[in-house]
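Down below is the structure, laid out as structure tokens.
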Amino acid sequence: MRFVKSSIVSAVALALSAMDASAAMVQLRVTVENLAPANSVSFAPLRFGIGQGTFDSFNNGQTASLFGQPSIATAPIVTIAEGGSGSTWLPAFAGADPTANIGSVTGSTGGPILPGTTNSSVFTVDTANRFFTFGTMVVPSNDLFLGNDNPQQFPIFDAAGNLSLSSFTQKAGAVWDAGSETQDPANAAFLVGGVNAQRVDENQPVSFNFGHLSAYNGLTTAAGYVFDSTLLSADSDIFRVSFAVVPEPTTLVFSALLCGMLIRRSRSVTR
């Protein structure tokens, strides 16, 4: 009887091992946390792609453009930086890396991710796509954002397809200025009275510039709080992205059925 039980355990382990080895698709939970203090920065929905690490949407010290085209207003990163939209960034990612898995994580009401809140969504991801690349507008602002300049900065899966990065955190000093729109609260997003559709070209290179947030101090945000950038320093943690593989219900059901079938078979053998 002990031999039969051992055989059952071995058979189940082998079956699950074979299933894991052949399953490149996983359910990945992507969680976004706004770590900033109350009355400071919020974030537009997170736009991201998980791919081969080939999509490089901007470069520090270079003027943003759409793959060499002269119109800065149509650059993928600019649509994120000026309005939080993935309307050009997500298709550009898909065009540069056709097998990538792309998506968005929004706030609880589908809009901004407010201070102190956490939001997450589950996505089907191919573990052959190893690198996480993202962009999110920092608000209130005209063209400030968070994102990774190096498209291979965040390898979330290893070469064997295992989750290798559980989270990463961004500090206030990591806020980028897209250099695409002049700083003017009257044209800024997420401010009461601000008209985001209005813009004046700036045509400056992308650079770190969290200090620009001070232009919006004392102004009321669309969420109803009065903005205060003095609550932040360059070393303040403001944004965290976390990853977790979610067991698929079909896998759990299959495991239970397999165990039940083998146990019933062992009982019939030992009678």
Side-chain angles (χ1 to χ4, degrees), residues 34 36 39-47 55-93 104 106-107 111-115 133-149 170 172-232 234 238-239:
N34 185 336
N39 303 323
S40 61
V41 291
S42 292
F43 302 95
L46 173 75
R47 313 299 180 184
F55 177 62
D56 186 6
S57 62
F58 71 95
N59 292 292
N60 187 15
Q62 295 183 14
T63 303
S65 64
L66 181 58
F67 301 113
Q69 298 302 311
S71 177
I72 191 171
T74 59
I77 197 60
V78 170
T79 59
I80 284 180
E82 291 189 5
S85 171
S87 60
T88 60
W89 193 87
L90 294 173
F93 199 125
S104 301
T106 69
I113 301 165
L114 302 177
T133 292
F134 78 102
T136 178
M137 185 182 188
V138 179
V139 291
S141 79
N142 290 85
D143 61 348
L144 302 181
F145 70 100
L146 290 176
N148 51 311
D149 178 4
Q170 299 276 281
V175 171
W176 296 96
D177 180 351
S180 58
E181 180 182 338
T182 57
Q183 193 173 9
D184 183 353
N187 300 339
F190 198 60
L191 286 177
V192 173
V195 183
N196 186 225
Q198 296 177 172
R199 62 183 305 279
V200 177
D201 284 337
E202 186 177 24
N203 293 313
Q204 294 297 310
V206 178
S207 62
F208 290 115
N209 202 336
F210 116 91
H212 269 189
L213 288 168
S214 63
Y216 315 104
N217 286 343
L219 301 177
T220 302
T221 67
Y225 64 84
V226 176
F227 184 72
D228 184 2
S229 71
T230 65
L231 299 169
L232 302 171
I238 59 173
F239 192 74

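Looking at Thr221 and Tyr216, their side chains never come closer than 4.5 Å, going by heavy atoms from C-beta outward. When side chains are defined from C-beta on, Pro185 does not count as touching Phe227, because their heavy atoms never get closer than 4.5 Å. Considering only heavy atoms from C-beta on, Phe145 stays 4.5 Å or farther from Val175 through its side chain.
In this structure a side-chain-to-backbone donor-acceptor pair under 3.5 Å is missing from Asp143 to Ala81. The main-chain N or O of Asp149 is never found under 3.5 Å from a side-chain atom of Asn59 such that the two would form a donor-acceptor pair. A donor-acceptor pair is defined here as one N or O able to donate and one able to accept, closer than 3.5 Å; such a pair exists between the side chain of Asn34 and the backbone of Ala36. Put simply, the side chain of Asn39 never gets that close to the backbone of Asp228: no donor and acceptor are under 3.5 Å apart. In terms of modelled atom types and a separation under 3.5 Å, the side chain of Trp176 and the main chain of Gly147 share a donor-acceptor contact. The backbone N or O of Ala44 sits less than 3.5 Å from a side-chain atom of Thr136, completing a donor-acceptor pair.
The shortest non-hydrogen separation linking Gly84 to Met137 is N-SD, 3.5 Å. Nearest heavy-atom pair across Ser214 and Ser229 is CA-OG, 3.4 Å. Here the shortest heavy-atom pairing between Pro112 and Phe190 reads CG-CE1, 3.9 Å. The two residues Ser85 and Ile80 have their closest heavy-atom pair at O-CG1, 3.3 Å. Between Ala64 and Ala178 the shortest heavy-atom distance is CB-O, 4.5 Å.
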Review point. Where do Phe210 and Leu144 land on the side-chain contact (heavy atoms from CB on, under 4.5 Å) test, with the steps shown first?
Key: CA-CA 8 Å; Phe210 116 91; Leu144 302 181; over 6 Å; no
Check your understanding: Under the side-chain contact (heavy atoms from CB on, under 4.5 Å) criterion, do Val138 and Leu213 qualify, and how do the steps go?
Key -> CA-CA 9 Å; Val138 179; Leu213 288 168; 4.3 Å; yes
Exercise for review: Dump the intermediate steps for ring-ring contact (aromatic ring centres under 6.0 Å, His included) on Trp89 and Phe55, then the final yes or no.
Suggested key: CA-CA 10 Å; Trp89 193 87; Phe55 177 62; 5.5 Å; yes
**Study point:** Trace of the side-chain contact (heavy atoms from CB on, under 4.5 Å) decision for Leu90 with Ser104
**Key:** CA-CA 9 Å; Leu90 294 173; Ser104 301; 3.9 Å; yes
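The OG atom of Ser42 sits 9.0 Å away from atom CD1 of Ile113, with the distance rounded to the nearest 0.5 Å. For the atom pair Asn196 CG and Leu191 CG, the distance stands at 10.0 Å (nearest 0.5 Å). Here OG of Ser40 is found 8.0 Å from CD1 of Ile238. Values are rounded to the nearest 0.5 Å. Here Ile77 contributes atom CD1 and Thr88 contributes atom OG1; the two are 9.0 Å apart, rounded to the nearest 0.5 Å. Distance check, rounded to the nearest 0.5 Å: CZ of Phe93 to OG1 of Thr133 gives 4.5 Å. Separation of atoms CD (Gln170) and CG (Asn148) is listed at 8.0 Å; rounding is to 0.5 Å.
Just one residue in the list Glu181, Glu82, Gln198, Gln183 forms a side-chain hydrogen bond (donor to acceptor under 3.5 Å, both in side chains) with Asn142, and that residue is Glu181.
Defined by atom type and a distance below 3.5 Å, a donor-acceptor pair is missing between the side-chain atoms of Ser207 and Asp177.
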